A.B. asks: 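Let me give you the structure first, and then I'll get to my questions.
In what follows, chains are A, B, ... by sequence order, proteins preceding strands, each numbered from 1. Fair warning: this is a prediction, and the values are worked out from it, not measured in the lab.
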Amino acid sequence: MLAESLLEGLNPEQRRAVECTEGPLLVLAGAGSGKTRVLTNRIAYLIGVCGIPLENLLAVTFTNKAAGEMRERVEKLLGPRSGDLWIGTFHSVCVRILRRDIGHLERSRGFVIYDDADSLGVVKDVLKRNNLDPKVHDPKRLRWRIDQWKNAGVLPAEAEKKAYDIDEELCARLYAGYQRRLVDANALDFGDILLQTVELFKRFPKVLEYYQRRWQYILVDEYQDTNRVQYELISLLARAHRNICVVGDPDQSIYGWRGADVRNILDFEKDYDEAEVIKLERNYRSTQPILSGASAVVANNFERKRKKLFTEREGGDPIQFYEALDDREEAQFVVRKMLVASRNDGSSFGRFAILYRTNAQSRSFEEELLKYDVPYKVVGGVRFYERAEIKDTIAYLRLLVNQQDDQALIRIVNKPSRGIGKTTLERVAALSAERGVPLLEGLRLHAEASGSGRTANAIRSFLGMQQELREVLAARSLDQVIDHVLERSGYRAALVKEATPEAEARLDNLQELMASAGDFHSANEGLIGEDSSEVELFLEQVALISDIDGWDERAECVSLMTVHSAKGLEFPVVFLVGLEEGIFPHASSSGDAEGLEEERRLCYVAMTRAMEQLYLTCAGERRRFGARSFQSPSRFLGEVPEKLVEVLSDRHGRSRASRHSSAPSDDIADTSSLDYSYSQDANEDGQVVQPGVSVQHPVFGSGVILAVIGTGLSQKLKIRFKRVGVKTVMVRYANLELG
DNA sequence: TCTGTAGGCGTTTTT
DNA sequence: CGCCTACAGA
């Protein structure tokens with residue numbers, strides 16, 4: 001009976017994907033093909049029909065939101081008893097494994113998780129210790145290199161061995177230094193969470209065996225976005241029983257820049273030669289024009305498995321295209337459309353999403369939405385947990401839990417100012433390095449050595465506060481601990497004294513933090529005390545939180561987010577904005593074919609978020625980097641078949657788009673696309689100067705145009721040079737060569 | 001040691 | 001344009 005209800009309403013392919021429980025299974029799930037439903041029903045089927053115990057299942061996703069949704073839906077099918085069922089993100093699953101077993105790697109289970117800012121701090125510290133000038137050796141670049149190594153599963157020793165030139169060798173050595181600093185701080189960065197888990201499994205077969213035996217059935221969502229380490233992790237776990245089901249869509253692979261390798265999904269059938277392959281090609285989400293338009297765009301990719309999606313939602317509005325004069329007008333257009341729809345048919349604002357390529361683009365839309373009092377929510381951008389006051393408070397907690405957390409100490413030791421400034425900290429850092437102890441211990445030594453001066457007293461008082469707070473930590477609940485921290489540290493008092501609107505907003509945020517800590521406390525009562533304390537669990541959750549996790553589809557407001565964040569979501573009406581060369585495709589990706597193809601897949605993902613209506617917009621001019629920049633329409637616009645598009649324009653022939661709309665377009669209606677042989681911004685030789693174009697500079701070398709500023713003799717270009725970074729140059733004097 | 005200000009630099013995308 | 005950093009002055 002349960003079996004029937006779990007298969008009911010599924011199409012034959014979906015049904016097979018649920019029923020085919022044994023052995024390796026690859027589900028190629030096109031956009032909107034009911035993938036989540038298949039995954040959840042499959043889990044429920046395994047448990048409820050096949051009788052597999054909950055604890056023998058592992059389901060892995062990329063975001064907490066996806067994991068939470070899956071759990072919720074499984075509980076709806078089976079009842080609320082899914083406690084032992086492991087559904088989580090790669091990161092949260094690995095943290096749980098490490099909390100239990102990291103001891104084998106001679107590390108402590110009380111580790112903290114370093115976020116991006118923390119690890120950048122460590123990189124800077126490593127450069128300093130090696131007497132390297134951060135102006136010459138860009139910390140961000142080094143951080144990025146290390147991250148790539150970690151994503152590829154390369155440990156420092158291997159990186160050094162493989163180094164092919166001096167620079168690479170230096171980076172690899174610094175990577176080793178960085179790693180030592182992390183170990184000293186008892187910290188793991190994001191990459192480590194995965195890498196150390198794989199390391200653990202490789203070096204300790206007994207440990208691996210335990211988990212292999214435990215997880216008899218493994219499911220992986222968004223498999224096309226896995227990187228090397230994630231791939232290895234899954235392979236290791238699945239090796240024993242080969243009951244592995246992966247779900248994904250090569251056309252939606254959009255995380256190449258963070259090490260994801262689409263070959264993982266393309267080679268699945270090679271890895272598991274007995275694999276079953278099921279294609280879900282029926283789209284339940286979008287109308288015909290939307291699906292056809294999106295498919296036409298991604299069909300321009302060369303490296304691609306052919307796939308045909310079809311929908312039964314025939315008819316439907318054409319894709320709407322609007323070319324605005326500038327970014328402000330683009331925002332006006334979008335908001336006006338929403339207001340009209342809401343007035344005419346009472347559309348809830350929750351039906352609308354504005355999707356853009358980069359976070360910075362949200363601004364003009366926010367201003368316009370504010371102007372008309374339209375409720376909206378921005379996903380990502382400045383995140384709650386990245387606000388300074390929140391990070392400060394968290395840093396206090398981190399230092400209490402882990403006294404080796406140097407980055408946390410650096411952050412709060414003088415916040416609010418208590419007379420332990422830069423010079424003191426520098427001396428303490430030198431002392432700590434010399435003795436090989438954490439900064440907190442270094443402070444102690446420093447105070448002892450320097451008698452009863454002003455600084456020494458300040459340090460003593462700080463250490464006293466730490467001692468006191470640690471006692472509170474042991475005795476009180478999470479929200480009470482936070483309250484004590486804010487009180488005893490003088491942090492709250494300092495903000496109150498400031499008495500500015502900003503300070504008040506910060507106080508509000510801290511209040512909110514305490515509220516969420518209170519929620520956390522009540523939600524986890526009874527669960528605490530086995531492997532970690534409440535504060536530790538809270539810190540862990542905060543560290544692994546992602547942008548999209550806080551998004552609530554039930555909220556009746558317009559959603560603003562990047563296309564990356566929007567993956568996996570759907571909206572009745574989507575505005576895909578800023579479709580301009582240099583932005584989408586982004587200037588830094590349009591240089592090579594691979595990068596461009598990923599941008600195109602990104603465009604495909606964006607378009608397929610729409611259920612009923614899709615608006616595409618671009619602007620002829622926009623403020624970028626504080627200056628005006630002329631933009632030309634994205635090449636992707638030209639890849640949408642013209643017959644699917646309705647061109648909107650409220651001006652009398654002033655925009656290029658309106659000219660096209662009135663042009664006769666009969667002869668090749670089936671294959672023709674919106675034609676953008678834009679004639680603007682050509683230089684003397686008639687070559688097009690626009691964002692995304694690569695150039696050669698006689699002194700700075702090769703680079704990519706970021707923005708075109710002004711026209712004529714005073715025209716300037718903002719260019720990112722490979723060697724020297726971003727520079728603005730005068731076209732007239734720079735003697736640039738294109739290409 | 002702290003605070004204010006000038007200059008420089010940046011925007012991909014994120015667990 | 002805004003944020004962050006470096007530097008100068010109190």
A.B. asks: Within the structure shown, what part of the strands sits under 4.0 Å from A:Ser92 by heavy-atom distance: base, sugar-phosphate, or nothing?
C.D. replies: nothing
A.B. asks: Output every pair passing side-chain hydrogen bond (donor to acceptor under 3.5 Å, both in side chains) with a member in residues 412-421 of chain A, not counting sequence neighbours, ordered by first then second residue.
C.D. replies: A:Tyr396-A:Arg418
A.B. asks: Would you classify A:Phe190 as touching base, sugar-phosphate or nothing, given that sugar-phosphate means primed atoms plus P, OP1 and OP2, and contacts are heavy atoms under 4.0 Å?
C.D. replies: base
A.B. asks: Whole-Å distance between C:dC3 P and A:Arg387 CZ?
C.D. replies: 13 Å
A.B. asks: Establish, yes or no, whether the cationic atom of A:Arg624 lies under 6.0 Å from the six-membered ring centre of A:Phe630 and within 45° of the ring axis.
C.D. replies: no
A.B. asks: Expressed as a whole number of angstroms, how long is the span from A:Asp118:CG to B:dT15:C1'?
C.D. replies: 15 Å
A.B. asks: Does A:Arg107 have any side-chain hydrogen bond (donor to acceptor under 3.5 Å, both in side chains) partners at least two apart in sequence or in another chain, and if so, which?
C.D. replies: none
A.B. asks: Tell me whether the OP1 or OP2 atom of B:dT15 has a side-chain N or O from A:Asn227 closer than 4.0 Å.
C.D. replies: no
A.B. asks: Relative to the 5' end of DNA chain B, which residue comes earlier, A:Leu544 or A:Leu425, by the nucleotide with the nearest heavy atom?
C.D. replies: A:Leu425
A.B. asks: Could you list the protein-to-nucleotides 7-9 of chain C atom pairs, N/O on both sides, closer than 3.5 Å?
C.D. replies:
none

A.B. asks: Give the rounded distance in Å between these two atoms: CD of A:Gln148 and C1' of B:dT15.
C.D. replies: 14 Å
A.B. asks: So if I take every side-chain heavy atom of A:Phe625 and compare against B:dT14, B:dC2, B:dT11, which nucleotide ends up nearest?
C.D. replies: B:dT11
A.B. asks: Would you say a side-chain N or O of A:Thr423 is under 4.0 Å from OP1 or OP2 of B:dT1?
C.D. replies: yes
A.B. asks: Quick one: sort the A:His564 and A:Trp257 rings into parallel, tilted or perpendicular, breaks at 30° and 60°.
C.D. replies: perpendicular
A.B. asks: Rounded to whole Å, please give me the gap between CH2 in A:Trp144 and C1' in B:dT11.
C.D. replies: 16 Å
A.B. asks: Could you pull out all residues at least two apart from A:Asp406 that satisfy side-chain hydrogen bond (donor to acceptor under 3.5 Å, both in side chains)?
C.D. replies: A:Arg181
A.B. asks: Just wondering, do A:Trp257 and B:dT13 stack (centres under 5.5 Å, planes under 30°)?
C.D. replies: yes
A.B. asks: For A:Tyr114, check side-chain hydrogen bond (donor to acceptor under 3.5 Å, both in side chains) against everything at least two apart and list the hits.
C.D. replies: A:Asp405
A.B. asks: Whole angstrom is fine here: how far is it from NE2 in A:His586 over to P in B:dT14?
C.D. replies: 12 Å
A.B. asks: 5'-most contact on DNA chain B: A:Asp138 or A:Leu194, nearest heavy atom basis?
C.D. replies: A:Asp138
A.B. asks: Is there a side-chain polar atom (N or O) of A:Thr63 under 4.0 Å from OP1 or OP2 of B:dT15?
C.D. replies: no
A.B. asks: Under 4.0 Å between any heavy atoms, over every strand shown, what does A:Thr562 touch: base, sugar-phosphate, or nothing? Just pick one.
C.D. replies: sugar-phosphate
A.B. asks: Applying side-chain hydrogen bond (donor to acceptor under 3.5 Å, both in side chains), name anything that partners A:Ser253, two or more places apart in sequence or on another chain.
C.D. replies: none
A.B. asks: Within the pair A:Asn64 and B:dT15, is there a side-chain N or O less than 4.0 Å away from OP1 or OP2?
C.D. replies: no
A.B. asks: Between A:Arg418 and B:dT1, does any side-chain N or O lie under 4.0 Å from OP1 or OP2?
C.D. replies: no
A.B. asks: Identify which nucleotide among B:dT1, B:dT11, B:dT3 has an atom closest to any side-chain atom of A:Thr424, counting heavy atoms from C-beta outward.
C.D. replies: B:dT1
A.B. asks: Can you tell me the distance, in whole Å, between the CG atom of A:Asp115 and the P atom of B:dT15?
C.D. replies: 12 Å
A.B. asks: Assess the side chains of A:Asp192 and A:Gln179: does a donor N or O sit below 3.5 Å from an acceptor N or O?
C.D. replies: yes
A.B. asks: Side-chain N or O of A:Asn414 versus OP1/OP2 of B:dC2: is the shortest distance under 4.0 Å?
C.D. replies: yes
A.B. asks: Where the side chain of A:Lys124 is defined as all heavy atoms beyond and including C-beta, which of B:dT11, B:dT14, C:dT5 is the nearest nucleotide?
C.D. replies: C:dT5
A.B. asks: Need one value for A:Arg601: base, sugar-phosphate or nothing, where a base atom within 4.0 Å counts as base even if backbone is also close, heavy atoms only.
C.D. replies: nothing
A.B. asks: For the residue pair A:Asp327 and A:Ser364, confirm or rule out a side-chain donor-acceptor distance under 3.5 Å.
C.D. replies: no
A.B. asks: Does a side-chain N or O from A:Thr455 land closer than 4.0 Å to OP1 or OP2 of B:dT1, or not?
C.D. replies: no
A.B. asks: From CZ of A:Arg623 over to P of B:dT11, roughly how many Å is that when rounded to an integer?
C.D. replies: 19 Å
A.B. asks: Specify the separation, in whole Å, of atom CZ of A:Arg143 and atom P of B:dT15.
C.D. replies: 14 Å
A.B. asks: Using a heavy-atom cut-off of 4.0 Å across all strands, would you classify A:Ser588 as base, sugar-phosphate, or nothing?
C.D. replies: base
